[in-house]
Amino acid sequence: MIIKKEGVYLLLKQIPSGKVTTYKALANLLHTKGYRAIGQIVKNNPFAPIVPCHRVVRSDGSLGGYMGQISGPLIQKKKKLLLHEGVVCEGNKIRDFKKVFTDLK
DNA sequence: AGAGCACTGATCC
DNA sequence: GGATCAGTGCTCT
């Protein structure tokens, strides 16, 4: 199965403020199991400022990574961004994950 | 061409 | 219940 990376960006741009999605959801929408590939696509996204890559998290509620760092100051910034948008985080995970989660369907 | 990765589900302990 | 294995597809070296 081939992931259409443009589809990933398209989906990401459709995430409303205050909502997040997961790699799994994206993979499901793209009909693929290459979850990690989506991580790579998002990480190396050529639309860094345009695509809200901080709204993509792991299916277990953890933040995943941000701009090449799976942990570090960038992650803290990601948390702050999400919090500013209404997504409450606790530690490296999202608190009301189900509430802020959207699969864009 | 080969290795790595912002993942996930299934096994193994 | 946590740790590890296997499958997956794109990007970088």
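Side chains are part of it too, since the values below use all heavy atoms of this structure and drop only hydrogens, waters and symmetry mates. Residue numbers start from 1 in every chain, and the chains themselves are labelled A, B, ... in the order their sequence lines are given, proteins ahead of strands. For clarity, every value in this text was computed on a predicted model and none was experimentally measured.
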(message) Mind checking if M1(A) touches a base, just sugar-phosphate, or nothing, with heavy atoms under 4.0 Å?
(response)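 Since only primed, P, OP1 and OP2 atoms lie under 4.0 Å of M1(A), the category is sugar-phosphate.
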(message) Taking the nucleotide of DNA chain C with the nearest heavy atom to each, does Y35(A) or I3(A) sit closer to the 5' end?
(response)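 It is Y35(A), whose closest nucleotide lies nearer the 5' terminus.
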(message) With heavy-atom distances below 4.5 Å as the criterion, would you say the side chains of V56(A) and L26(A) are in contact?
(response)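 Yes, their side chains come closer than 4.5 Å.
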(message) Could you tell me how far apart F47(A) (CZ) and dT11(C) (C1') are, to the nearest whole angstrom?
(response)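 Rounding to the nearest Å, CZ of F47(A) and C1' of dT11(C) are 15 Å apart.
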(request) Starting from C1' on dC7(B), measure out to CG on N28(A) and report it in whole angstrom. (result)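 About 14 Å, once rounded to whole Å.
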(request) Return the value, rounded to whole Å, for the distance between atom CD of Q69(A) and atom C1' of dC5(B). (result)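 Distance, rounded to whole Å: 15 Å.
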(message) Less than 4.0 angstrom between a side-chain N/O of K33(A) and OP1 or OP2 of dA6(C), yes or no?
(response)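 Answer is no, no contact under 4.0 Å.
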(request) Find out whether V8(A) and N45(A) are in side-chain contact, i.e. whether some heavy atom of one side chain is under 4.5 Å from a heavy atom of the other. (result)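 The answer is no, as the side chains (C-beta and beyond) never meet within the 4.5 Å cut-off.
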(request) Give I2(A) one of three labels, base, sugar-phosphate or nothing, depending on what nucleic acid heavy atoms sit under 4.0 Å from its own. (result)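 Since only primed, P, OP1 and OP2 atoms lie under 4.0 Å of I2(A), the category is sugar-phosphate.
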(message) Can you tell me which nucleotide in dT11(C), dG7(C), dA6(B) comes closest to the side chain of Y23(A)?
(response)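 Among the listed nucleotides, the one closest to the side chain of Y23(A) is dA6(B).
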(message) What is the separation between atom CD1 on I41(A) and atom C1' on dG4(B), rounded to the nearest whole Å?
(response)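 I41(A) atom CD1 is separated from dG4(B) atom C1' by 15 Å.
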(request) Hey, which sits more toward the 5' end of DNA chain B by its nearest nucleotide, K24(A) or G39(A)? (result)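 Whichever sits nearer the 5' end wins; that is G39(A).
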(request) Please confirm whether any donor atom in the side chain of Q40(A) sits under 3.5 Å from an acceptor in the base of dC5(B), or the reverse. (result)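 Pair found.
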(message) Heavy atoms from C-beta onward define the side chain here; which of dG9(B), dC12(C), dC7(B) lies closest to that of N44(A)?
(response)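 Among the listed nucleotides, the one closest to the side chain of N44(A) is dC12(C).
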(message) Counting only Watson-Crick pairs (N1-N3 plus N6-O4 or O6-N4) and G-U wobbles (N1-O2, O6-N3), all under 3.5 Å, who is the partner of dC12(C)?
(response)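 When the pairing criteria are applied, dG2(B) turns out to be the nucleotide that pairs with dC12(C).
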(message) Can you identify which nucleotide, out of dT8(B), dA6(B), dT8(C), has its nearest atom closest to the K43(A) side chain?
(response)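 Of the options given, the side chain of K43(A) lies nearest dA6(B).
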(message) Is any side-chain heavy atom of L63(A) closer than 4.5 Å to one of I94(A)?
(response)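 The answer is yes, as the side chains (C-beta and beyond) meet within the 4.5 Å cut-off.
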(message) If I take atom CE in residue M67(A) and atom P in nucleotide dC5(B), what distance separates them, rounded to the nearest angstrom?
(response)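 That distance rounds to 18 Å.
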(message) Aromatic contact between Y9(A) and F47(A), with the criterion being ring centroids under 6.0 Å apart: yes or no?
(response)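 Yes, they do, as the ring centres are separated by less than 6.0 Å.
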(request) For I2(A), look at atom CD1 and say whether over 12 heavy atoms of other residues, nucleotides or ligands are found less than 6.0 Å away. (result)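 Atom CD1 in I2(A) is not crowded, with 12 or fewer foreign heavy atoms closer than 6.0 Å.
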(request) Check whether the side chain of R36(A) and the base of dG4(B) form a donor-acceptor pair under 3.5 Å. (result)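 Side chain to base: no pair below 3.5 Å.
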(message) Output the rounded distance in Å from CG (N45(A)) to P (dC10(C)).
(response)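 N45(A) atom CG is separated from dC10(C) atom P by 16 Å.
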(request) Check whether any side-chain heavy atom of R55(A) sits under 4.5 Å from a side-chain heavy atom of L12(A), and report yes or no. (result)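 R55(A) does not reach L12(A) side chain to side chain.
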(request) Whole angstrom is fine here: how far is it from OH in Y66(A) over to C1' in dC7(B)? (result)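 It works out to 19 Å between those atoms.
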(message) From C-beta outward on V42(A), which listed nucleotide comes closest to its side chain: dT8(C), dT8(B), dA6(B)?
(response)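 For V42(A), the side-chain atoms sit closest to dA6(B).
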(request) Measure from NE2 on H31(A) to P on dG9(C) and round the result to the nearest Å. (result)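 So the two atoms are 14 Å apart, to the nearest Å.
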(request) State which of dT8(C), dC10(C), dC7(B) makes the closest approach to the side chain of T32(A). (result)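 Between dT8(C), dC10(C), dC7(B), the one nearest the side chain of T32(A) would be dT8(C).
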